[in-house]
Amino acid sequence: MNQQEIIPHLFRTEYRKIVSVLCKRFGFDQMEIAEDIAADTFLAASQTWPFKGIPPNPVAWLYFVAKNKAKNHLQRGLVFESKISDELIKTSPDSYETELDLSPQNINDSQLQMMFAICHPIISTEAQIGLSLRILCGFGIEEIADAFLSNKETINKRLFRAKEKLREEKIKIEIPFLSEIDERLAPVLTTIYLLFNEGYYSASQNNTIRKDLCFEAIRLCTMLVENKSTNKPEVNALLSLMCFHASRFDARIDKNGELILYENQDTNLWDADLISKGGYFLNCAATGDKLSKYHLQSAIAYWNTQKADTKEKWENILQLYNQLLQIDYSPIAALNRTYALSKANGKEEAIIQAEALNLTDNHFYFALLGELYTGIDDMQAKRHFEKAFELAKTVTGKQAMQRKMDGLGS
Amino acid sequence: MDEYALIMRHEDGSKIASPEQMQAWMKQTMDWIGGIAAQGKFVSGTGLLFADAKVVKSNKVVTDGPFGEIKETIGGFITVKADSAEEAVEFAKGCPVLQGEGNTMEVRRIAKNDGTH
């Protein structure tokens, strides 16, 4: 990895660890200071490395700098406190400890505790996800604004208010009680999946960053699976879903960063190791009596790792989508369900149902209709592909529709 | 948008279907519900079993049933969202129960719990 790539890469993977440990150490009261120290650490790297070269162990370098900065901050605090009150220091011997614990164990614990603290129900779901992207994933304000289709100002305000609230309510950075775990896990899982999708469906051409995001999401989820109190069926289902999706990572993007459609993918590039991991975690998820949306999505993703176009495959996918839509409607699931319907029950039935969806601002809606009409009424098919071409937001999307139109002939 | 109950009425619940028939109906019902859910209009669904079904009469006499003297039985109902009774009726038309001769679908708007109608 070259110099230009390494700092953004390390920012993605290390910022959240450093900031979690710092927040855990300082508490939400000094969250901004924790963020500043973590950001300063990376600033120092970007100011030093271009001139002195990348250190042999860049992560250790970052931890060392972060520790020193934390120590300076804590010592300044100590001097201040000891001047105003000796008593205060005596009653809290912990505050003498200025060494920041950046051991793997403490990094792990701090991140888990931060996940729950940030995803606390006293702040809105949107704020939970926003803060998680900022603190746990090291996203910039602009990237978060993009993810929410909002602007920087709104996001800044939202995060500021959320932090205030966490402070006011004196939220502790800890793992919730067993009785609260299920309820508290839901927003944590939503955030992890959003992070994964940000990488998987990102418009960014930078493959390294996209992969980082996906594998960071997988790592956060793995941490939950490895912890006894959070090792729940839903968590395993989400992990398995992400493994299945990630198995196609190298097959779905070509050398130029362009998307390769499922039907054109080279199955030799599918990662067999991740597919079997997905299978393993899906098995682990098959306990308890709750069928979550992650279970259903993972089962669909499992069938998508079977390339053979069998009746059984499409019937299973159709029924899984039928169930998924009942508990978690989304336009994309509705479109995918209708495609599965055409494969399982035939195009005629699917066309009627597709037209009832009426998702006329969605380019995939017209792409689906084009696909369904192909071979039945090619004129109609062409009309729909043209509409999809118009609505497609990316070059890849437009190219795919152009190829479909060319494929129809005159 | 209002909520409507789509109530499936069977002419005679005592008819026994073959396992293959039941499987086919099951798939058709799931596809029907999936189609409504794909429009984001599905609210909930409740299937009613014929096994252990009882009828309690006004004189507190309890019979197995509702078979025999009662002509129609309710097989189940789903709740959907719809802009109008017409839209709810369109959903109801897709229900595979209607393939059975004499079976009907009843469409009823659900009363809001806030005193408005």
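FYI, side chains are in, hydrogens and waters are out, and symmetry mates aren't considered; it's all heavy atoms of this structure. Every chain is numbered from 1, with letters handed out A, B, ... down the list of sequences.
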A.B. asks: Which residues satisfy the side-chain contact (heavy atoms from CB on, under 4.5 Å) test with B:Val56, sequence neighbours excluded?
C.D. replies: B:Val62
A.B. asks: Taking C-beta and beyond as the side chain, do A:Val235 and A:Ile192 meet within less than 4.5 Å on heavy atoms?
C.D. replies: no
A.B. asks: Between A:Ala350 and A:Leu341, which heavy-atom pair has the shortest distance, and what is it?
C.D. replies: CA-CD2, 3.8 Å
A.B. asks: Heavy atoms only, distances under 4.5 angstrom: which of A:Ala344, A:Ala356, A:Ala333 has the most pairs with chain B? Name it, please.
C.D. replies: A:Ala356
A.B. asks: Do chain B and chain A have donor-acceptor pairs under 3.5 Å, and which are they?
C.D. replies:
| residue | atom | partner | partner atom | Å |
| --- | --- | --- | --- | --- |
| B:Lys27 | NZ | A:Glu315 | OE1 | 2.9 |
| B:Lys27 | NZ | A:Glu315 | OE2 | 3.3 |
| B:Lys27 | NZ | A:Asn345 | OD1 | 3.0 |
| B:Met30 | O | A:Asn322 | ND2 | 3.2 |
| B:Asp31 | O | A:Arg337 | NH2 | 2.8 |
| B:Asp31 | OD1 | A:Gln319 | NE2 | 3.0 |
| B:Asp31 | OD1 | A:Asn322 | ND2 | 3.0 |
| B:Asp31 | OD2 | A:Asn345 | ND2 | 3.0 |

A.B. asks: To the closest 0.5 Å, what do you measure between CG (A:Leu291) and CG (A:Leu324)?
C.D. replies: 9.5 Å
A.B. asks: In Å and rounded to the nearest 0.5 Å, what is the CD1 to CZ distance from B:Ile110 to B:Phe77?
C.D. replies: 8.0 Å
A.B. asks: Below 4.5 Å, heavy atoms only, C-beta onward: do A:Ile129 and A:Pro187 meet side chain to side chain?
C.D. replies: no
